[in-house]
2 protein chains.
Amino acid sequence: MDTKSQMIEIATNLFQQKGYKGVGVNEILKVCNITKGALYHHFPNGKEELLIACLKNMDEAITTDIEVIFERCQTTMEALHAMIEKLVANLDREGTITGYTFSSIVSEMASLSEPVRNACSDLYTKMQGIYSKKLVADGFSKETAHSIALMMTATIEGGIMLCLTRKTSEPLKIISQGLPNLLKGFI
Amino acid sequence: MDTKSQMIEIATNLFQQKGYKGVGVNEILKVCNITKGALYHHFPNGKEELLIACLKNMDEAITTDIEVIFERCQTTMEALHAMIEKLVANLDREGTITGYTFSSIVSEMASLSEPVRNACSDLYTKMQGIYSKKLVADGFSKETAHSIALMMTATIEGGIMLCLTRKTSEPLKIISQGLPNLLKGFI
DNA sequence: CTCCACATACCAACCGTTCTGTTTTAAACT
DNA sequence: AGTTTAAAACAGAACGGTTGGTATGTGGAG
């Protein structure tokens, strides 16, 4: 793997876990086993440019990952259960959540950097779009599907926050059980 | 108002908006118009102790605020609408959200400081408790109420994240409209 | 000989914290 | 009431460490 890709891969993980300001460039360089020269060679605009590259990387990773799940599963609910199960497994195994979320980055940077905010917004919109499409296939109207997709996105993101706070995967499990009722209510 | 209370008041606002690492002690001192001596006199353990004091302050503020709303409103849904309306108004007016949320602190600090994580966990639990109680009064069983309350907490917190990312209050408005369907689904 | 991909050394700015010194407050004693 | 005294409530300089960023050096590939 080339140096640049490796940097993005590692930095993505660190940013997801500790947020933007929570990770210093020196820490990233140490884990990557490279030096300042390499970083500022590939990312002349420094840390923020690296973050945006990481967000683009997450975009691809998350989008394709979710799309695979949503293609394999028959209904939206099945797909959601599979998604959350993956999150729960990840959380139980590693103690942190590395996929499907970037809440720490949003809450830190949304008001500080427009490029970062836009990248995050795009990612949310993309995820929501995948949900929405499947919901339409499930028989919901376009507007209803849009509303449900938004609520699903919010609920999962909020659920992750609760899991991190409680140090348990319980909240996401309960959400996984409760989500079908959300769809039921919209019929 | 005494210096200590003023510090907590101002720091609470700053922490909510910019997160923990996003605010330097110097910035806090500047806004408060005090110096290092005052800070480390009232909070010998420095910044983190101040943060915990802020979380306790938020606990009281949020709890009493929500409790008032939930007492005034007949049903859980009415109360929720009122709550979200308040959030939306705040967001439309000031561009940031200062009440009912501390997502930035959670995502930054949950894995770094146990005292902070516990304080956040307590706050979520308390909010959830208020929802839950009202839901039982609405006729739901205890377990069902607990599940719904958790989902409501997650959805609102996630909705706030979406609003910050999109720079619009639209997500919360849609959630406010969609939430009744969540309750409907549980019946 | 040149250009790319780094390494190394260095920098100013800022971080949170600690220190010592000064003022203010208020109770205690004459 | 006036003085003494001790503690509380600050002010402000100084500290070591870390931050993100830059300027220059260097080895290898073409």
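Side-chain proximity of B/Thr35 to C/dA7, D/dA8, D/dG12: nearest is D/dG12. For B/Ile34, whose side chain is taken as the heavy atoms from C-beta onward, the closest listed nucleotide among D/dA11, C/dC6, C/dA7 is D/dA11.
Summarising the geometry, the separation between CG on A/Asn33 and C1' on C/dA7 is reported as 12 Å, rounded to the nearest angstrom. Rounding to whole angstrom units, NE2 of residue B/His42 and P of D/dA7 are separated by 18 Å. Atom NZ in B/Lys30 sits roughly 16 Å away from atom C1' in D/dG12 (whole-Å rounding). Across the protein-nucleic acid pair, A/Lys4 atom NZ and C/dC4 atom C1' stand 14 Å apart, rounded to whole Å. For the pair B/Asp2 CG and D/dA8 P, the interatomic distance rounds to 16 Å; values are reported in whole Å. Summarising the geometry, the separation between CD1 on B/Ile28 and P on C/dC14 is reported as 17 Å, rounded to the nearest angstrom.
For B/His41, no side-chain nitrogen or oxygen approaches OP1 or OP2 of D/dC10 to under 4.0 Å. Close to D/dC10, at under 4.0 Å from its OP1 or OP2, lies a side-chain N or O of B/Thr3.
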Expected string for nucleotides 18-28 of chain D under the B/S/- scheme (protein heavy atoms, under 4.0 Å, primed atoms plus P, OP1, OP2 as sugar-phosphate) is -BBBB------
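Every residue meeting the side-chain hydrogen bond (donor to acceptor under 3.5 Å, both in side chains) condition with B/Ser141, not counting sequence neighbours, appears here in chain and number order: B/Thr144. Every residue meeting the side chain to side chain contact (heavy atoms under 4.5 Å, CB included) condition with A/Ile97, not counting sequence neighbours, appears here in chain and number order: A/Leu87, A/Leu91, A/Thr101, A/Ile160, A/Leu172. Legend: residues meeting side chain to side chain contact (heavy atoms under 4.5 Å, CB included) with B/Asn118, ordered by chain and number and at least two apart, are B/Glu114. Legend: residues meeting side chain to side chain contact (heavy atoms under 4.5 Å, CB included) with B/Ala145, ordered by chain and number and at least two apart, are B/Ser132, B/Leu135, B/Val136, B/Phe140. Residues that satisfy the side chain to side chain contact (heavy atoms under 4.5 Å, CB included) test with A/Ala82, not counting sequence neighbours, are A/Ile69, A/Cys73.
For residues 40-49 of chain B, the side chain to side chain donor-acceptor pair (under 3.5 Å) pairs, not counting sequence neighbours, are B/Glu48-B/Ser113. Applying the ring-ring contact (aromatic ring centres under 6.0 Å, His included) test to every pair with at least one member in residues 161-187 of chain B, sequence neighbours left out, gives no pairs at all. Residue pairs meeting the side chain to side chain donor-acceptor pair (under 3.5 Å) criterion with at least one partner in residues 119-131 of chain A, sequence neighbours excluded, are A/Asp59-A/Lys126, A/Tyr124-A/Glu157, A/Thr125-B/Arg166, A/Gln128-B/Arg166. Sequence neighbours left out, not one pair with a member in residues 77-98 of chain A passes ring-ring contact (aromatic ring centres under 6.0 Å, His included).
Between the side chains of A/Ser107 and B/Ser107, at least one donor-acceptor pair of N or O atoms lies under 3.5 Å.
Of all the residues in residues 7-17 of chain B, not one reaches under 4.0 Å from DNA chain D with any non-hydrogen atom.
In A/Lys173, the NZ atom is crowded: over 12 heavy atoms of neighbouring residues, nucleotides or ligands sit closer than 6.0 Å.
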Show me the dot-bracket string of DNA chain D, counting Watson-Crick or G-U pairs under 3.5 Å, with | for pairs to another strand and [ ] for crossing ones. ||||||||||||||||||||||||||||||
